[in-house]
Amino acid sequence: MNAVEIEAAISDLALLPFDGQEFPFAFLAAFGNKETAIKRLRSGNNNLSDVPGGVLQRNNIHIAVCKAGSVSETLKALRASPATAKAKAKFILATDGQTLEAEDLATGETIAPVYPDFPNYLGFFLPLAGIATIKEIKDNPVDVRATGRLNKLYVELLRENPDWATEERRADMNHFMARLIFCFFAEDTDIFNGEGLFTQTIEQWSERDGSNTHQLLAEIFRAMNIKSGDRGICEPRLPNWANGFPYVNGGLFSGSTDAPRFTRMARTYLIHAGNLNWKEINPDIFGSMIQAVADDEERGALGMHYTSVPNILKVLNPLFLDDLRAQLEDAGQNERKLLNLRKRLAHIRVFDPACGSGNFLVIAYKQMREIEFEINRRRNETHRGSDIPLTNFRGIELREFPAEIARLALIIAEYQCDVRYRGQKDALADFLPLSKENWIICGNALRLDWLSICPPTGTGVKVTADDLFQTPLDQSEIDFENEGGETYICGNPPYLGSRDQKDEHKSDLKALFDKRIQNWKSLDYVAGWFLKAADYSIKTQAFTAFVTTNSICQGLQVPILWTEIFRVGCSIEFAHTSFRWANLASHNAGVTVAIVGIAAQPRNPRRLFSLDTSGSTVERQCMHINAYLASGESVIIDKASHPLSALSEMTFGNTPIDGGYLLLSRDERDALGLTQEQQHRFVRRILGSAEFIRGLERYCLWINDQHLAEALTIDAIAQRVHHVRSVRLNGGKTARDIAERSHQFQRMFFGLNSTLIVPGVSSESRPYLPVGYETSETVISNLAFALYDAPLWNMALIASRLHLVWIGTVCGKLETRYRYSNTLGWNTFPVPLLTEQNKADLTACAEAILLAREAHFPATIAELYDPEKMPANLRHAHERNDEVLERIYIGRRFKNDTERLEKLFELYTQMTASAVAQPPKKSSRGKK
DNA sequence: AATCCGACAGGGT
DNA sequence: ACCCTGTCGGATT
């Protein structure tokens, strides 16, 4: 269950008449306990309580219902109960149906609301559902509740008004929801005259069956679009109950006042939502929660998508907030400096070209208001109106609903800041009517002209949007109050790997990259934002920082994207290396992201952030940050089809493309019922990454053409080949191309005498890359790389710390795992010319590593290279190997990985600069 | 003809 | 319900 569902369940429970017998079980059920678990507790089997009327669930909660007036004593008894400690309860809770007291035993936090109000403490109870660590949700239960209630309303309205769910009317529906949210907020914050005016008006004047609710709403909306001076003359006359609503407009209440039809339930949901305290809505996170309401795909994870404030600050602080705060610090009490800073604040534009529901803009705005307030405080002008115009916070968003919400979130943020810093009275005086300017553009950011939406100061650029999309007409008429100002571009644009892009995404990228660079089809969708930002920055001196999938700074994409960004004239000003971007949606694994800041005139020093092992941020300052987000001159590693140094050829393993029919478990192999001789002829051991690393047993059919006829006489084999064929015929082009030789892998490579195997993906926790020596009988699958019949000293290189550092930097990654590549990592690996003596020494080192492993037979590679348990003799063998190899490079051990990487980049640059073509080398690879 | 990638995916605990 | 760690084969070059 997610937070929204739990909220709904406990709210429902609190509304029911109190039933002492039932309460503990209903409470547990509300937090997602299964029927069977409840049944077991009810029967007493799993009830560990030693308190009268108590229910105790292990590792969870001890609940007791007591007679009226004895709640406090009962809680005391629960706290003192030996069973509470023994069962490791996290919470204790006592209630008599009048009041409820509970304690979080881990934190000592207690609550004591009157019974019907306990759902207000959702955040307190969330650890019961295992979502304790989410600070934003715990601190903002109102946002979760609001989301849940609006969602119910939204779903019910669409059910009753199917026409509003159509493409044409979705915009109306979204606009309608935005209006409601505004009204809910306004009635709880004195923006409307009278607390609860909106909800009460609906409740009093509409029919209980909901039949005329839409008419009421239409009238209220109409009122909010009529200035008070015009109220007397408008046609038709406003009814009295609508006349109490102020003129708001601001685009929010202009246009059609149409409202969807309500059912009895929808009306109840509306009132239920209105009864929440919207004053406490937190626009930082409310927007990202609520946007899921209008998104069919996201609705299942309602309230689970939000971008946490600390993560957003990872972008905004280095981009410009740190600098503002430093200037504030520097100003001290100096009048002139304070005024300069205030003026500077007023001319800062923040532009998020993928703004979603406005997270980044809202937080940037709030942070800037905080700084401005500090200035005003030092100058004793605390009631002074803000000089920071909301219209300097611009955004582009593709989806309509989030775009509506973003604008609303900014309006709410502005009001809340005014209340907080200037007081309720001043805040109200300036609030209505809303400005009608529209600074959140709904459109495709990759197709729109950013210069028009966020024009450079002093130029009169008109909207020149691309033919496909229309920019709102009045857009170019909005003046930026940005004369002599600064522009900061930020955000978290969508990521979409090359393979997962739809035609529309591809064509967006094509419009940007085609005719400009090669191989753009392999870029992630997010790359489009970086290119547009780079182009924009060159013209306007803007600074940009985006959250991005880390893959644009790894492997294949680096030479494609960054060569162009650097060519345009931008460089990386600051960066945050890979970290996991928490996404609460269960099963939706968090994605690994980086933050990259680019600028045409980057400020110094360059700042490179990363997370240390304990998860806290560390900052390094350096002269340059390269495209791999490492400190150092801009070196870009291109793929090479043969080794640049004098190394053996490494080949990609054999791809089955078999739907599982060429691959065999041991049981499947035995089930073929082959004779010893047949098995020897047609079946081989096969290794991919997992098999090699974890020592798993796997086999495959391996049929040479000259034995095909014989193989097909064996029924079990013939059937499998037949299945492979049909799988391939139904597959993609790659598969169809080889359908006519379905007894074989895509390729049939193997070693004549020996094979070195390097896994394609392996855990980053290991201190060395796994590499193994296998007999020629073993087949290497596409999930690993192979060196067929290569001298053993090659293995010494792969097993070295130097190589791990190189691979970890220049190859792609799977999240943060090492992902090996022959073309990007092995062929580019810079190695000094090795003497025969060097090779002999390295061969001895490799043998020593193999022997050290052998001593622990049958331990797997995963066990041997577990950083906690790596055996001492193996560690020694690797130390020795590193010692020998590093002496070949620089005559001593390297001090650290930074030094290793610098040397490797240096060698690589030398090797590629000398441009002496290496003769292509063919290894003695078996081929049939 | 040869591989690189995954707003992941699947197994283990 | 996380935590750990690498499948699989299509799309792209």
Side-chain angles (χ1 to χ4, degrees), chain A residues 1-2 32 129-133 297-298 301 304-305 307 354 356 492-501 506 518-526 547-552 554-560 580-593 639 641-642 649-660 662-663 686 688-694 696 698 727-728 730-738 745-747 749 759-766 770 781-785 811-827 861-862 865-866:
Chain A
M1 274 173 95
N2 66 40
I131 29 188
T133 49
E297 284 169 21
E298 282 190 53
M304 298 288 107
H305 287 283
T307 316
N492 178 13
Y495 331 139
L496 207 51
S498 147
R499 245 194 3 244
D500 297 331
Q501 289 166 29
K506 282 278 186 243
Q518 302 261 303
N519 301 338
W520 57 268
K521 278 189 178 173
S522 296
L523 290 174
D524 192 285
Y525 194 49
V526 77
V547 184
T548 168
T549 168
N550 58 359
S551 71
I552 65 162
Q554 291 164 2
L556 188 67
Q557 296 195 55
V558 170
I560 306 174
R580 279 180 84 87
W581 190 260
N583 180 344
L584 293 181
S586 73
H587 199 65
N588 188 357
V591 34
T592 307
V593 301
K639 49 201 277 180
S641 45
H642 301 286
E649 289 283 337
M650 182 184 288
T651 345
F652 197 70
N654 301 298
T655 312
I657 315 189
D658 65 335
L662 289 178
L663 299 177
I686 183 169
S689 299
E691 291 79 20
F692 172 64
I693 292 171
R694 298 206 285 260
L696 308 176
R698 209 172 192 192
V727 166
R728 287 183 181 175
N730 290 317
K733 186 186 177 312
T734 310
R736 286 197 305 274
D737 281 351
I738 52 170
F745 284 49
Q746 189 180 21
R747 298 183 308 184
F749 291 171
V761 173
S762 62
S763 166
E764 69 274 28
S765 70
R766 300 187 183 115
S781 88
N782 62 322
L783 303 171
F785 293 86
C811 287
K813 295 258 174 83
L814 206 181
E815 299 229 300
T816 49
R817 251 62 3 101
Y818 296 117
R819 166 172 257 153
Y820 204 91
S821 154
N822 53 352
T823 59
L824 286 164
W826 175 250
N827 293 343
I861 292 289
Y865 286 87
D866 183 325

By nearest heavy atom, map A:Gly688 and A:Lys733 onto DNA chain C; which one lands nearer the 5' end? A:Gly688

On the nucleotide B:dC5, are OP1 or OP2 found under 4.0 Å from the side-chain N or O atoms that A:Ser522 carries? no

Spacing of the C1' atoms in B:dA7 and C:dT13 (rounded, Å): 25 Å

Sugar-phosphate, base or nothing in reach of A:Ser641, heavy atoms under 4.0 Å: nothing

Taking atom C1' of C:dT5 as reference, at what distance in whole Å does atom CD1 of A:Ile693 sit? 9 Å

C:dT13 P sits how many Å from A:Gln518 CD, rounded? 9 Å

Which is true for A:Pro494 with a 4.0 Å heavy-atom rule: it touches a base, it touches only sugar-phosphate, or it touches nothing? base

How is A:Gly660 classified with respect to the nucleic acid when contacts are heavy atoms under 4.0 Å: base, sugar-phosphate, or nothing? nothing

Mind checking A:Ala735 for me? I need base, sugar-phosphate or nothing, with any heavy atom below 4.0 Å counting as a touch. sugar-phosphate

In dot-bracket form, 5' to 3', how is DNA chain C paired? Count Watson-Crick and G-U wobble pairs only if both distances fall under 3.5 Å, and write | where the partner sits on another strand. ||||||.||||||

Closest listed nucleotide, where the reference is the side chain of A:Leu556 and the choices are C:dC8, B:dC5, C:dG6: B:dC5

Which one, C:dG6, C:dT13, C:dG9, comes nearest to the side chain of A:Arg766? C:dG6

Rounded distance (nearest 0.5 Å) linking atom OH of A:Tyr818 with atom SG of A:Cys811: 11.0 Å

For A:Asn827 and A:Lys639, what are the C-alpha separation, side-chain angles and deciding distance, and is it a side chain to side chain contact (heavy atoms under 4.5 Å, CB included)? CA-CA 8 Å; A:Asn827 293 343; A:Lys639 49 201 277 180; over 6 Å; no

I want to verify a distance call: between C:dT13, B:dC4, C:dG10, whose nearest atom is closest to the A:Ile657 side chain? C:dG10

Could you tell me how far apart A:Gln501 (CD) and C:dG10 (C1') are, to the nearest whole angstrom? 14 Å

Value in whole Å for how far the P atom of B:dG6 lies from CG of A:Leu496: 11 Å

Nearest 0.5 Å, please: how far is CZ in A:Arg817 from OG in A:Ser763? 7.0 Å

Spell out, as yes or no, whether a donor-acceptor pair under 3.5 Å connects the side chain of A:Gln557 to the backbone of A:Gln554. no

Under 4.0 Å, heavy atoms only, any strand: does A:Pro770 hit a base, just the sugar-phosphate, or nothing? nothing

Starting the side chain at C-beta, find the nucleotide from C:dG6, B:dG6, C:dT12 nearest to A:Asp500. B:dG6

Starting from P on B:dA9, measure out to CD on A:Glu815 and report it in whole angstrom. 11 Å

Within the 4.0 Å heavy-atom criterion, would you say A:Arg728 contacts the bases, only the backbone, or no part of the nucleic acid? nothing

According to a strict under-4.0 Å criterion, is A:Arg694 in side-chain N/O contact with OP1 or OP2 of C:dG6? yes

Please state whether the rings of A:Phe652 and A:Phe785 are parallel, tilted or perpendicular, taking 30° and 60° as the class boundaries. perpendicular

Using a cut-off of less than 4.0 Å, is there contact between a side-chain N or O of A:Arg747 and OP1 or OP2 of B:dA1? no

Could you check how far CG of A:Leu783 sits from C1' of B:dG10, rounded to whole Å? 14 Å

Which part of the nucleic acid, if any, lies within reach of A:Lys639 when heavy atoms closer than 4.0 Å are counted: base, sugar-phosphate only, or nothing? sugar-phosphate

Among C:dT12, C:dG9, C:dT7, the one nearest A:Arg499 by side-chain distance: C:dG9

Testing B:dT3, C:dT12, C:dG6 for proximity to the side chain of A:Gln746, the answer is B:dT3

Looking at B:dG6, C:dC8, C:dG6, which one has an atom nearest to any side-chain atom of A:Arg698? C:dC8

I'd like to check A:Phe692 versus A:Pro770 (side-chain heavy atoms, cut-off strictly below 4.5 Å). Are they in contact? yes

Does A:Arg766 form a side chain to side chain contact (heavy atoms under 4.5 Å, CB included) with A:Ile693? I'd like the steps, not just the answer. CA-CA 11 Å; A:Arg766 300 187 183 115; A:Ile693 292 171; 3.5 Å; yes

Among B:dA7, C:dT12, B:dA2, which is the nearest nucleotide to the side chain of A:Ser498? C:dT12

Can you find a side chain N or O atom of A:Lys506 that sits less than 4.0 Å from OP1 or OP2 on C:dT12? yes

Nearest-angstrom distance from the residue atom CD1 of A:Ile560 to C1' of C:dA11: 13 Å

Both A:Phe652 and A:Arg817 contact DNA chain B. Which one's nearest nucleotide lies toward the 5' end? A:Phe652

Between C:dT12, B:dC4, C:dG6, which one does the side chain of A:Asn822 approach most closely? B:dC4

Under 4.5 Å between any side-chain heavy atoms of A:Gln746 and A:Thr734, yes or no? yes

Have a look at A:Arg819 and say if it touches a base, only the backbone sugar-phosphate, or nothing, with a 4.0 Å heavy-atom cut-off. base

Looking across every strand, which nucleic acid part, if any, lies under 4.0 Å from A:Asp524 by heavy atom: base, sugar-phosphate, or nothing? nothing

Touch check for A:Asp658, heavy atoms < 4.0 angstrom, all strands: base, sugar-phosphate only, or nothing? sugar-phosphate

Looking for any heavy atom pair under 4.0 Å, which part of the strands does A:Arg736 touch: base, sugar-phosphate only, or nothing? nothing

At 4.0 Å (heavy atoms only), tell me whether A:Thr734 reaches a base, stays on the sugar-phosphate, or touches nothing. base

Find the distance A:Tyr820:OH to B:dT3:P and express it as a whole number of Å. 13 Å

Looking at A:Thr655, A:Ile738, A:Ile657, A:Leu662, which hits side chain to side chain contact (heavy atoms under 4.5 Å, CB included) with A:Phe745? A:Leu662

From A:Asp524 atom CG to A:Asn550 atom CG, the distance as rounded to the nearest 0.5 Å: 10.0 Å

Can you find a donor-acceptor pair, distance only, under 3.5 Å between A:Thr592 side chain and B:dA7 base? no

